[in-house]
Amino acid sequence: MSRIVGIDLGTTNSLVAYMAGDFPRVIPDADGRVLLPSVVAFTPDGILVGETAKRQLVRHPAQTIYSVKRFMGRGYEDVKAELRYFPFRLEPSQEIVRIQVGDRAVTPPEVSALILKALKERAEAHLGEPVTKAVITVPAYFNDSQRQATKDAGRLAGLEVLRIVNEPTAASLAYGLHRLKRGTVAVYDLGGGTFDISILKVQDGIFEVLATSGNTHLGGDDFDRALVDWFLADVLARHGVDLGRDPEAMQELRLAAEAAKCRLSFDERTVLTIPFPQHGLTYRREIARAELEALIDPLVAETLGPCRLALADARLQAAQIDEVVLVGGSTRIPLVRRRVQELFGKVPHSQLNPDEVVALGAAVQAHILAGGITDMLLLDVTPLSLGIETLGGVMSVLIPRNTTIPTSAKEMFTTSADGQTVVDMHVLQGERELARDNRSLARFELRGIDPMAAGMPRIAVTFLVDANGILQVQAKELRTGKAASVEVKPSYGLTDAEVERMVEESFAHAEEDVTSRLLIEARNEADTVIRATERALGQGRHLIDGDEAERIGGALATLLGVRDGNDRDAIRGATERLNQATLHLAEALMDAALKEALASKPVTEVLEKTES
C-alpha cells in the first residue's frame with residue numbers, strides 16, 4: 001500500500017505524523033515547527049493557514065477563523081450561545097453552520113479542509129512522495145454528524161480517510177508501542193476545545209475500549225474565556241472602558257490570556273501588559289497561579305463527572321485503574337494534574353508530549369492499516385446510543401453506548417395502525433428516553449407493505465456500525481420481502497453535491513491557490529523587513545555615514561515599489577537586498593546598545609544577564 005499518514009485535527013493546533021521504521025514521528029515544517037495552528041485567514045490577496053494566519057487575528061479578526069472544530073457537524077442553534085466570544089459572523093441556519101467571511105460563506109468542513117491540505121503538503125514535502133491516504137482522529141464523544149463532517153473535510157483536502165479514530169484510543173496506541181502490558185488504562189484527554197475520557201483494557205497487543213465519555217464543548221479555549229471575562233471586568237472597573245465591544249481588543253485579550261495561562265503552568269506569577277492606544281490606555285496586571293486556578297476550577301471539575309460515568313460504564317472503581325495517561329496541551333496545567341490524581345489515586349503519566357501523542361497514535365493506526373504492524377489490534381466503541389423512534393415518540397435503543405465496533409444489531413418491530421402500507425423510520429443518537437431530546441440522524445420510509453391489521457407485519461430493523469463509527473440502517477418486512485435502507489448522512493453534514501462541487505473547485509484553483517499563498521508570504525516577509533528597517537533608521541541614522549544611509553534608503557524605496565505588485569520573485573529579491581544593505585546598521589545598533597548597558601551597569605551584572 002502507499003504510505004498512510006496519521007493526522008490530529010485539533011481545535012488549537014493540528015499535526016501530521018508517519019511511521020519512521022518502528023516508531024512514529026511528527027512531521028515538522030520547513031522551520032522545524034511541528035504544531036500547525038488551526039487558524040485560517042481569508043485575506044484580499046488569498047488564504048493563509050497556520051502561523052501566518054494567526055498573525056492576522058488582531059489585524060483582521062472578522063476574516064480569521066480559529067477553533068473551527070467546535071462548529072464541526074453542528075447547527076446554528078447548537079453554537080449561538082457562545083458567538084459573543086468569536087469575532088466572525090455566522091449565518092443563522094438550522095442546517096450546517098456557515099461562517100460569513102467578506103462576501104462569501106464557508107462551512108467548517110471547508111475551513112478544516114484547508115488545515116488538512118496544509119498538513120498534506122507538509123507531509124509530501126518531507127516524505128518526497130504524494131500523500132493521498134490518512135487516518136484522522138476525532139474526540140471520542142464526537143457524534144455521527146461530527147464524524148461525517150470530518151470525513152467530508154478530508155475528502156475536500158484530497159485525502160482518502162481510511163479510518164476515523166478516537167483521540168484517547170490513538171493516544172493509547174502511541175504509549176502501547178513501547179510499553180505493552182496487561183492492565184487497565186484511563187486516558188484523560190483535555191485539548192483546546194474538547195474533553196474525553198476513555199477506559200481501555202490492554203492485553204497482549206489488543207487495545208479494547210471498555211467505555212468512553214466526555215464533553216465536545218469543553219477545553220483550554222474555555223479557560224482562556226474565563227480569563228478574558230475577568231480582564232474585561234477589571235479594565236471596566238479600573239479604566240471605565242468596555243473592551244468587549246471592540247473585536248480587535250478582544251483578540252488582543254484572548255491571545256494574552258492564552259499566553260498567561262501557558263506561563264502560569266510553569267511559573268507562580270506573570271505580568272500582563274497590553275497597550276490599547278485606540279482607547280488611550282495600557283492595561284497592566286500581575287496574575288498569580290492561584291487566581292487562575294480559582295477561575296478555572298469549576299471548569300476542571302466539569303471533567304470529573306464524565307470520568308466517573310466512564311468508570312461506571314466499565315464497571316470499575318477508580319482504584320482498579322492501573323495507569324492514567326494525560327493527553328492534550330491543557331493537561332500541562334498543574335490544577336488539572338492535581339484533580340486527576342485526586343480522582344484516580346495515582347500520579348498520571350505524561351512521558352510523551354501531550355500535544356503530539358494523538359498524532360503519533362494516528363500514525364501507528366495508519367501503519368496497522370497498511371499491514372506494517374500485525375501484532376496489535378484496536379477495538380473501539382460507539383460514543384452514544386443508537387436507535388429508532390417508536391410509538392409515542394420514544395427512542396428504542398438498538399446499539400447502547402460503549403458497544404465495541406464494528407458491530408450490528410437487529411430488532412423486530414410492527415405497525416401501529418390497520419392497513420398501514422408505509423412505515424416512517426426515524427434514526428436517532430443519544431441517551432435520552434424521548435426521541436425529541438436526542439439528535440436526529442436520518443429519516444427514510446419503508447414502502448409497499450401489504451395492508452394488514454395492526455401488529456401483523458414483521459419488520460426487521462438492522463443497524464450496522466463500521467470501524468469508523470458510521471452507521472447503516474436497513475428495514476425489511478419479512479412477510480413481503482420489501483426492504484429499504486439508508487447510509488446515515490447526518491442532518492448537519494454537507495450534501496454529496498456540495499462536497500463534489502468543493503472538490504472540483506479545489507482542483508480547478510489548486511495552482512492559483514498556491515501562487516496566491518506564496519505571494520502573500522512574500523509580502524508579509526517584506527512588511528516585516530520594511531518595519532524593522534524604518535525603526536532601525538529612526539534609532540541609528542547617526543551611527544552610519546551618508547553613503548550607507550543612501551544605499552539603505554534606495555533599497556527600501558525599491559522594496560516599497562514592488563511590495564504591492566504580483567511578482568513574487570521581485571519582492572523576495574528586493575527583500576533580500578534590503579536585508580543585506582542593513583546588516584552593518586544592525587551591528588552598529590547592537591554595539592551601541594551594549595556600550596550603553598556597560599556604561600550604566602556594573603560589568604558583572606551585564607554579563608550575568610547576557611548569559612541568562
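Here the structure is a predicted model, which means the values were calculated and not measured.
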> Can you check salt bridge (Lys or Arg N to Asp or Glu O under 4.0 Å) on Glu291 and Arg269, steps first, answer last?
Replying inline: CA-CA 10 Å; Glu291 290 175 304; Arg269 292 184 171 275; 5.3 Å; no
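A side-chain donor-acceptor contact under 3.5 Å links Gln251 and Arg254. No donor-acceptor contact under 3.5 angstrom links the side chains of Tyr188 and Ser198, judged on distance only. Judged by distance alone, the side chains of Asn143 and Arg74 never bring a donor and an acceptor atom under 3.5 Å apart. Residues Ser14 and Ser38 have side chains that bring a donor and an acceptor to within less than 3.5 angstrom of each other. In the model, Tyr283 has a side-chain atom that pairs as donor or acceptor with a side-chain atom of Asp234 under 3.5 Å.
Remark: side-chain polar atoms of Asp196 are paired, donor with acceptor, to backbone N or O of Ala140 under 3.5 angstrom. With hydrogens and angles disregarded, a donor-acceptor distance shorter than 3.5 Å links the side chain of Thr150 to the backbone of Gln146. Although no hydrogens or angles enter the test, the distance criterion places a donor-acceptor pair under 3.5 Å between the side chain of Lys69 and the main chain of Leu9. Judged by distance alone, with hydrogens and angles left aside, the side-chain atoms of Glu121 form no donor-acceptor pair with the main-chain N or O of Ala118 at under 3.5 Å. In this structure, the side chain of Thr137 does not engage the main chain of Ala362 through any donor-acceptor pair within 3.5 Å.
A salt bridge (charged side-chain N to carboxylate O under 4.0 Å, His left out) check over residues 348-363, counting only residues at least two apart or in different chains, returns the pairs Arg332-Asp355. Under the salt bridge (charged side-chain N to carboxylate O under 4.0 Å, His left out) criterion, the residue pairs touching residues 341-354 are Arg339-Glu342, with sequence neighbours excluded.
Classification of the Phe88-Tyr66 ring pair by plane angle, with boundaries at 30° and 60°, yields perpendicular.
A salt bridge links Asp222 with Arg225: at least one charged nitrogen is closer than 4.0 Å to a carboxylate oxygen. In summary, Asp29 and Arg33 engage in a salt bridge, as defined by a charged side-chain N under 4.0 Å from a carboxylate O. Remark: Asp224 engages Lys261 in a salt bridge, criterion side-chain N to carboxylate O under 4.0 Å. A salt bridge does not link Lys117 with Glu110: every distance from a Lys NZ or Arg NE/NH1/NH2 to an Asp or Glu carboxylate oxygen is 4.0 Å or more. Under a 4.0 Å N-O distance rule, the pair Arg55/Glu51 does not qualify as a salt bridge.
Each of Thr64, Leu48, Val106 was compared with Phe42 under the side chain to side chain contact (heavy atoms under 4.5 Å, CB included) criterion, and only Val106 meets it.
Within 6.0 Å of CZ in Arg89 there are 12 or fewer heavy atoms belonging to other residues, nucleotides or ligands.
We find the CD1-CD distance between Ile136 and Glu167 to be 11.5 Å, quoted to the nearest 0.5 Å.
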